[in-house]
Amino acid sequence: MLVLCVPLIAALVVHFTLIQQLISVQREFNRVLLASDQADILHRLAVDIQGSFRGYLLTGQSEFLKPMMEADAKLAATIARTIELIESIPELSTDIRNVSTRLSDLLETKRRLIRDFDAGRSAEVLEYVRSGKGIALSDAIRGDLRDIQDRLDRHLKTLEARESRLAREALWGLLLAVIGGLAFGLLGARLLARSIVRPLTVLRSSVAQLDQIAETSAPIRIPVRSHDEIGQLARVYEEMAGHIQQHIRELEAINIIGNEINTIGPDGLEGVLSRITDRAADMLDVDVCLVMLRDDHMQCWVVEAASGSWQEKLYKSVMLWDEFPIVVQAVETRKPAVGEDLRSDRRPEVTRRNLMGQSMLAIPLMSGERPFGALVLLLDRKVHGSDWNIRLAKGFADEAAIAISNARLFEAAAQKGKGLESRLKHLEHLAETLAHDLKGPGERMEELASLLLAEYGTKRVLDERAIRWLTWMSSYGKDLIQRVENILEVASLGSGQDPVEAVDPASIVNEVLTARAEELRERRVQVQTAFAMQEVPCHRAYLRQIFDNLISNAIKFCGDQPDPAIQIVAKRHGNGLCFSVSDNGPGIPPEYRERVFDPFTRLNPDLSKGSGIGLTIVKRIVELYGGNVWVADDGPPGCTISFTLPALGDMHVQLPVVTEREEQSSLMGHEERKA
């Protein structure tokens, strides 16, 4: 191994050195390449300076000075960058500095001549131009820059050749290192197989039965009797297998008992607590098991359940903190606590506790991170702390804590449900009474105003103002009656107990269009329909009411157009169907597209009749089946109301169960907020 290792390391060192040199050459190549680009930029700047100066002198227009101004802004940074890149090439560094100085002087000369020209000294400027000094200086600078670029190109070729040579040498070094590594690996593999793999293969074949731990209760025995490391490893495997078998049995027992105690029956929380104590006493083989819950208000313990005959003696007994210091320790530390010889404690405040047992194990009952009680296990004999199966007891206590928490939540929810049901009945009665009280005065006000108009309106007893007031009173009375009826209509949505049925939306739309055929003919409304061939689960009357309200609104708002048209479309949308009713009317402004679904909302009361409850009813019905309704913000001019419903045929679609009381409760809350 050493004979192969030394040349392998040497080959890797050589290869690493070549790679470092190759990287260095590549960096130098990139730097020279960038320097060549910078020299080319300087050459273009020199051309821009000379050309800009000439153009300005010939035309006198300041636009020709823009290239010179841009060259002035870039020149200093370009010169600094070029010198920085060519710093590693001494023979070029001096030349580029000289050229840069001359280029800066050229720019300064041009700026000075332009100032003279602008000041009216054009004769001096023209004399300088005729002398040819500027052209000669510019040509000299550009010639020097081309020479520098040529030298940089030759330097790039030299670096490229060197890079190619180093790459070939690195490749051969890598091949030698790979060959050495393969030889080293083959030899190492043979040594590893002879010294480690073969003994481990024997051990693996011996412990293959460890995979069957969960299927057998018999102890696992590995047929390896040696006392070397392999034999010691076999004994460790046997011990580990025994622990795993014990843990599996405990987990199975906790799982079975957990399912039993988590079942909430008619006996509620008391039944859960009783099952916890009885199963704990049997499973953990103790004489007494207590479930003690802390009462933070009175600073004491309350025995909620006890096993066996202790249930009648201790049920709902109040225990002081000082009577159970071990339980207090378990709750405060959130860890199991053990008492080994309780009866040796002769203090009078623990007398009742000592009557129940001599040894104690207390495990806190946790709800999240907060303890709310303890599971107390007692034995009528002295037991050392290590003899308790604390792991099994803690697992059982965790299941018991979950069962108690669930039972508490269930009882709280049931109690709250009863309160909500009673309050809902009261609200229902209040709503019916309020509707009756509002509808009666409205009817009487409308009837009285109508009678006064009929009796005195034609006899010229009343003036125009009185007739107008009586007309308003009659109108307001009718409006009040209509609003009360609309509220009752919305409240009744979802109150039916009939199951949903498979409804064909196309047939519903045809029924609505047939019923409104005369209105469509009078207003010359063209109707187009396009439906996906799929049924929806709903109530037929409700779906008809949706389409009747939407089509009625569409006829109302598009009837005044030159070519009124309505389009009704149904297409697949996720797991259901999306329906759209579009018209070519004036449409709904974006700021009102959410408000139109509120009760009694009318955007143009003077232009259209109605109560403003139609879209509210549509929304209530759609949400009853778990769908959504909205005003589309794209598409052709006009208004498009879209809504979704679940479709039959998709097995994974689940309809939400909405009861009568849930729907009415939601509606009551909404109407109270509106009031």
Side-chain angles (χ1 to χ4, degrees), residues 486 489 502-536 538-574 576-597 601-622 625 627-647:
N486 288 335
E489 181 181 2
V503 181
D504 182 11
S507 65
I508 298 296
V509 171
N510 289 333
E511 290 179 10
V512 174
L513 293 177
T514 301
R516 294 188 175 272
E518 186 64 26
E519 187 177 2
L520 291 170
R521 281 195 298 271
E522 290 179 358
R523 292 176 173 262
R524 299 176 292 102
V525 179
Q526 299 295 324
V527 180
Q528 295 180 352
T529 60
F531 274 82
M533 300 300 292
Q534 195 156 7
E535 296 178 330
V536 295
C538 64
H539 297 87
R540 187 178 186 87
Y542 282 174
L543 187 59
R544 192 183 191 282
Q545 192 170 11
I546 290 176
F547 281 112
D548 186 67
N549 288 347
L550 295 181
I551 293 174
S552 174
N553 284 348
I555 295 173
K556 183 189 308 179
F557 289 106
C558 78
D560 297 333
Q561 301 299 317
D563 296 311
I566 298 175
Q567 186 177 28
I568 307 170
V569 178
K571 57 185 178 180
R572 294 290 301 174
H573 179 78
L577 291 177
C578 179
F579 300 91
S580 298
V581 179
S582 306
D583 62 66
N584 60 348
I588 299 175
E591 62 270 19
Y592 295 105
R593 289 175 180 171
E594 293 293 333
R595 291 178 50 195
V596 294
F597 295 103
T601 299
R602 296 170 60 194
L603 301 183
N604 297 308
D606 298 333
L607 300 179
S608 61
K609 298 180 180 180
S611 61
I613 203 73
L615 291 181
T616 303
I617 294 175
V618 170
K619 183 178 180 181
R620 292 286 194 274
I621 296 175
V622 170
Y625 300 111
N628 295 315
V629 60
W630 66 94
V631 179
D633 56 359
D634 55 359
C639 176
T640 299
I641 306 293
S642 300
F643 64 94
T644 59
L645 290 176

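Note that the coordinates shown come from a computational prediction; the quantities given were computed from them, not determined experimentally.
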Approximate separation, where rounding is to 0.5 Å, of [X] [atom1] and [Y] [atom2]:
{"X": "Ile641", "Y": "Ile546", "atom1": "CD1", "atom2": "CD1", "answer": "12.5 Å"}
{"X": "Glu511", "Y": "Asp504", "atom1": "CD", "atom2": "CG", "answer": "10.0 Å"}
{"X": "Cys538", "Y": "Arg544", "atom1": "SG", "atom2": "CZ", "answer": "13.5 Å"}
{"X": "Leu550", "Y": "Ile555", "atom1": "CG", "atom2": "CD1", "answer": "11.0 Å"}
{"X": "Ile588", "Y": "Glu594", "atom1": "CD1", "atom2": "CD", "answer": "11.0 Å"}
{"X": "Leu543", "Y": "Asp548", "atom1": "CG", "atom2": "CG", "answer": "11.0 Å"}

Taking atom CD as the centre, does Glu519 end up with more than 12 heavy-atom neighbours from other residues, nucleotides or ligands that are less than 6.0 angstrom away?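 Yes, CD of Glu519 has more than 12 neighbouring heavy atoms, counting only those of other groups under 6.0 Å.
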Do you know which two heavy atoms are closest between [X] and [Y], and how far apart they sit?
{"X": "Pro564", "Y": "Asn584", "answer": "CA-OD1, 3.7 Å"}
{"X": "Ile566", "Y": "Ala554", "answer": "CD1-CB, 3.6 Å"}
{"X": "Gln534", "Y": "Pro505", "answer": "O-CD, 3.5 Å"}
{"X": "Val525", "Y": "Cys558", "answer": "CG1-SG, 4.3 Å"}

Only one of Ile568, Leu577, Val569 passes side-chain contact (heavy atoms from CB on, under 4.5 Å) with Phe531; say which it is.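 The passing option is Ile568.
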Out of Val581, Val629, Asn553, which residue meets the side-chain contact (heavy atoms from CB on, under 4.5 Å) rule with Val618?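 Among Val581, Val629, Asn553, the one that satisfies the side-chain contact (heavy atoms from CB on, under 4.5 Å) with Val618 is Val629.
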List the residues meeting side chain to side chain donor-acceptor pair (under 3.5 Å) with Thr644, not counting sequence neighbours, and say none if there are none.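 Counting only residues at least two positions away or on another chain, Thr644 forms no side chain to side chain donor-acceptor pair (under 3.5 Å).
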Listed by chain and number, what are the side chain to side chain donor-acceptor pair (under 3.5 Å) partners of Glu518, not counting sequence neighbours?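 If we apply the side chain to side chain donor-acceptor pair (under 3.5 Å) test to Glu518, skipping adjacent residues, the hits are Arg521.
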State which residues pass ring-ring contact (aromatic ring centres under 6.0 Å, His included) with Phe547; sequence neighbours excluded, sorted by chain then number.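 Per chain and number, Phe547 pairs via ring-ring contact (aromatic ring centres under 6.0 Å, His included) with Phe579, Phe643.
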Set of side-chain contact (heavy atoms from CB on, under 4.5 Å) partners for [X], sequence neighbours left out:
{"X": "Ser642", "value": "Cys578, Ser580, Trp630, Ala632, Thr640"}
{"X": "Ser552", "value": "Arg516"}
{"X": "Ala541", "value": "none"}

